[in-house]
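Have a look at the structure below, then the notes.
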Amino acid sequence: MSKTNHLSGKEVRAIAKENKKIVKKLEAYKNRKAPESEYLTEMKDDANILEIDDLHTYFFTEQGVVKAVNGVSFNIPKHATVGVVGESGCGKSVTSMSVMRLIQGPAGQIYSGSIRFNAKEADGTEKVYDIAKMPMRDIHKIRGNQIAMIFQEPMTSLNPVFTIGQQLDEVTFINDPKATKEMAKARSIEMLNLVGIAIPERVYDSFPHELSGGMRQRVMISMALAADPRLIIADEPTTALDVTIQAQILDLLRDLKEKIDGSIMLITHDLGIIAEMADYVVVMYAGRVIEQGTVQEIFHNPMHPYTIGLQKSKPTLDSDSDTLFNIPGNVPNPINMPNYCYFRERCSSCTKKCAGEYPGMIKVSPTHYVACHLYGEEQNNG
């Protein structure tokens, strides 16, 4: 690449040629026929429902490779809520889409890594699938029925030309091909009741545009619950909702987690929601996990300068300052990322060591980890 950061035609063609070769190989692997034994695996810890291990999800563009998720590792324990927090563009949603295998190809691909999921079969037995290695033809074994997703904008997620009932019934038909129309409607009404809709029959016959934002989000939650999933991924579930409705949706999610005895992966940029909902917190920056721990550890003992900056950025009633704190600078360009710490240019605690290799994870406690050169073995032992 030239010093002006502009690519010549020759460089663009070279990048396109290399990308085409890599994408062709990844697409063939994704669409292959494979026996189940090829993607069956074991959990490292049986207490987890999901284990994401060194996940790399890339987008192959004409300008280069966008490493949207670049070596992400974290676990979701059974019956727990794990909050994933960070700025827009940090890789939160791409991580969740990778778990659901909804990355749009051929440009977007899971390049490497493992996504181990503990699935429950119809006969009650458990199997552990490596979702990253599953062929697309077999992904129906877990998508929708074992892992469900609540998207951040219900108006664009619901089809405007079909009624709520038609869209809810479809979930039942997909997961149970033997279901009748009567069975599907009964299940849909039951789900609408479960999410606290007062007159479910009226909502069942309504079109999406006839409902408020809060009601549409409840419909999306009922759709996610229709197949009794073990894991719910909630991607910004309160976006574009007013504060009162936000509180109702969060209360609903908390109650439903207990009713279905499942786990929730909650993606948000709102630290207030994380503090209220999460048991564990994963902080992401520029496609990497930079700190993780229990909610108490992250809020009462934040260690990474970025985590500290995020907390300072949230306005509080007891603040003495009349101006809001902001983290200076911008997220780095995700193409051709440097090997040193991605937060270095924005960090007020930067040292000479930060110009070296990207920092590894330092274990602060059995549940608290941080990736920062400010902490090393001597601090860990102390």
Side-chain angles (χ1 to χ4, degrees), residues 1-41 52-73 84 86-117 129-144 147 149 151 156-157 233 235 267 284-289 330-340 342 357-358:
M1 187 180 290
S2 64
K3 293 180 180 179
T4 58
N5 290 329
H6 291 294
L7 296 174
S8 66
K10 185 178 179 180
E11 288 172 321
V12 169
R13 288 191 294 273
I15 290 172
K17 184 179 179 181
E18 181 63 23
N19 285 352
K20 186 177 180 180
K21 184 167 64 175
I22 297 171
V23 167
K24 184 179 179 181
K25 184 178 178 181
L26 293 172
E27 281 286 305
Y29 182 76
K30 187 168 69 174
N31 295 309
R32 76 196 188 285
K33 290 183 179 179
E36 190 179 75
S37 58
E38 194 172 303
Y39 50 86
L40 281 178
T41 184
I52 299 175
D53 189 1
D54 196 27
L55 178 66
H56 293 76
T57 301
Y58 298 165
F59 291 88
F60 296 89
T61 72
E62 291 182 352
Q63 303 301 311
V65 180
V66 177
K67 297 181 178 180
V69 173
N70 192 12
V72 165
S73 299
V84 183
E87 289 175 286
S88 296
C90 71
K92 306 185 301 293
S93 293
V94 176
T95 301
S96 68
M97 299 289 264
S98 299
V99 174
M100 294 293 289
R101 293 296 296 274
L102 290 174
I103 299 296
Q104 186 65 48
Q109 300 285 342
I110 294 178
Y111 186 76
S112 64
S114 297
I115 307 171
R116 295 182 290 274
F117 177 69
Y129 296 113
D130 189 337
I131 297 172
K133 294 180 174 62
M134 288 182 79
M136 290 305 294
R137 67 182 70 244
D138 296 329
I139 201 68
H140 67 274
K141 292 180 180 179
I142 57 99
R143 185 201 286 162
I147 306 176
M149 192 164 186
F151 295 95
T156 55
S157 301
I233 299 174
D235 187 0
I267 298 168
M284 291 186 66
Y285 181 77
R288 286 183 180 256
V289 174
N330 297 304
V331 179
N333 188 331
I335 299 177
N336 302 320
M337 295 288 277
N339 190 36
Y340 57 76
Y342 300 161
E357 290 187 3
Y358 194 92

With sequence neighbours left out, the residues meeting side-chain contact (heavy atoms from CB on, under 4.5 Å) with Arg137 are Lys33, Pro135
So does Gly287 get a backbone contact from the side chain of Lys92, meaning a donor-acceptor N/O pair under 3.5 Å?
no
Could you please spell out the steps behind the side chain to side chain contact (heavy atoms under 4.5 Å, CB included) verdict for His56 and Asp54?
CA-CA 7 Å; His56 293 76; Asp54 196 27; 3.0 Å; yes
Closest heavy-atom contact between Val72 and Ile52?
O-CG2, 3.5 Å
Below 4.5 Å, heavy atoms only, C-beta onward: do Val65 and Phe59 meet side chain to side chain?
no
Which pairs with one or both residues in residues 16-37 pass ring-ring contact (aromatic ring centres under 6.0 Å, His included), sequence neighbours excluded?
none
Is any side-chain heavy atom of Met134 less than 4.5 Å from a side-chain heavy atom of Phe117?
no
Working note: Met97 + Met100, criterion side chain to side chain contact (heavy atoms under 4.5 Å, CB included); need CA distance, chi angles, decisive distance, verdict.
CA-CA 5 Å; Met97 299 289 264; Met100 294 293 289; 5.7 Å; no
What distance separates Asn31 CG from Met136 CE, expressed to the nearest 0.5 Å?
7.5 Å
How long is the gap from NZ on Lys17 to NZ on Lys21, to the nearest 0.5 Å?
7.5 Å
Are there more than 12 heavy atoms of other residues, nucleotides or ligands under 6.0 Å from atom NZ of Lys30?
yes
Note, Ile267 side chain near Ile233 side chain (heavy atom, < 4.5 Å)
yes
Can you tell me if Asp235 and Ser93 form a side-chain donor-acceptor pair at under 3.5 Å?
yes
Answer yes or no: is there a side-chain heavy-atom contact under 4.5 Å between Tyr39 and Asp138?
yes
Compare every heavy atom of Gly64 with every heavy atom of Ile335, then report the nearest pair and how far apart it is.
CG2-CA, 3.9 Å
Counting C-beta onward and ignoring hydrogens, is there a side-chain heavy-atom pair between Thr95 and Met284 closer than 4.5 Å?
yes
Please collect all salt bridge (Lys or Arg N to Asp or Glu O under 4.0 Å) contacts where either partner lies in residues 97-116, sequence neighbours excluded, each pair once.
Glu51-Arg116, Asp53-Arg116
Check the pair Gln109, Tyr58 against side chain to side chain contact (heavy atoms under 4.5 Å, CB included), reporting the backbone distance first and the verdict last.
CA-CA 6 Å; Gln109 300 285 342; Tyr58 298 165; 5.9 Å; no
Measure from the side-chain N and O atoms of Glu18 to the backbone N and O of Ile15, and report whether any donor-acceptor pair falls under 3.5 Å.
no
Count the heavy atoms of every other residue, nucleotide or ligand shown that sit under 6.0 Å from CD of Glu27, and state whether that count exceeds 12.
yes
Looking at Tyr111, I want to see if its OH is surrounded by more than 12 non-hydrogen atoms of other residues, nucleotides or ligands under 6.0 Å.
no
For Val69 and Ile110: C-alpha separation, side-chain torsions, deciding distance, then whether side chain to side chain contact (heavy atoms under 4.5 Å, CB included) applies.
CA-CA 9 Å; Val69 173; Ile110 294 178; over 6 Å; no
State, yes or no, whether a side-chain contact exists between Arg143 and Met149 at a heavy-atom distance under 4.5 Å.
no
Please enumerate all residues that pass ring pair (Phe, Tyr, Trp, His ring centres under 6.0 Å) together with Tyr285, with sequence neighbours excluded.
Tyr306, Phe343
Checking Leu40 now: which residues fulfil side-chain contact (heavy atoms from CB on, under 4.5 Å) with it, not counting sequence neighbours?
Glu36, Lys127, Tyr129
Spacing of Ile131 atom CD1 and Thr41 atom OG1 [to the nearest 0.5 Å]
11.5 Å
Sequence neighbours left out, what passes side-chain contact (heavy atoms from CB on, under 4.5 Å) with Met337? Give chain and number order.
Ala286, Pro332, Tyr342
Regarding Ser114 and Asp130, is there a side-chain donor-to-acceptor distance under 3.5 Å anywhere?
yes
Going from CD1 on Ile115 to OG1 on Thr57, what distance comes out if it is rounded to the nearest 0.5 angstrom?
6.5 Å
So do the side chains of Leu55 and Ser98 get within less than 4.5 Å of each other, counting heavy atoms only?
yes
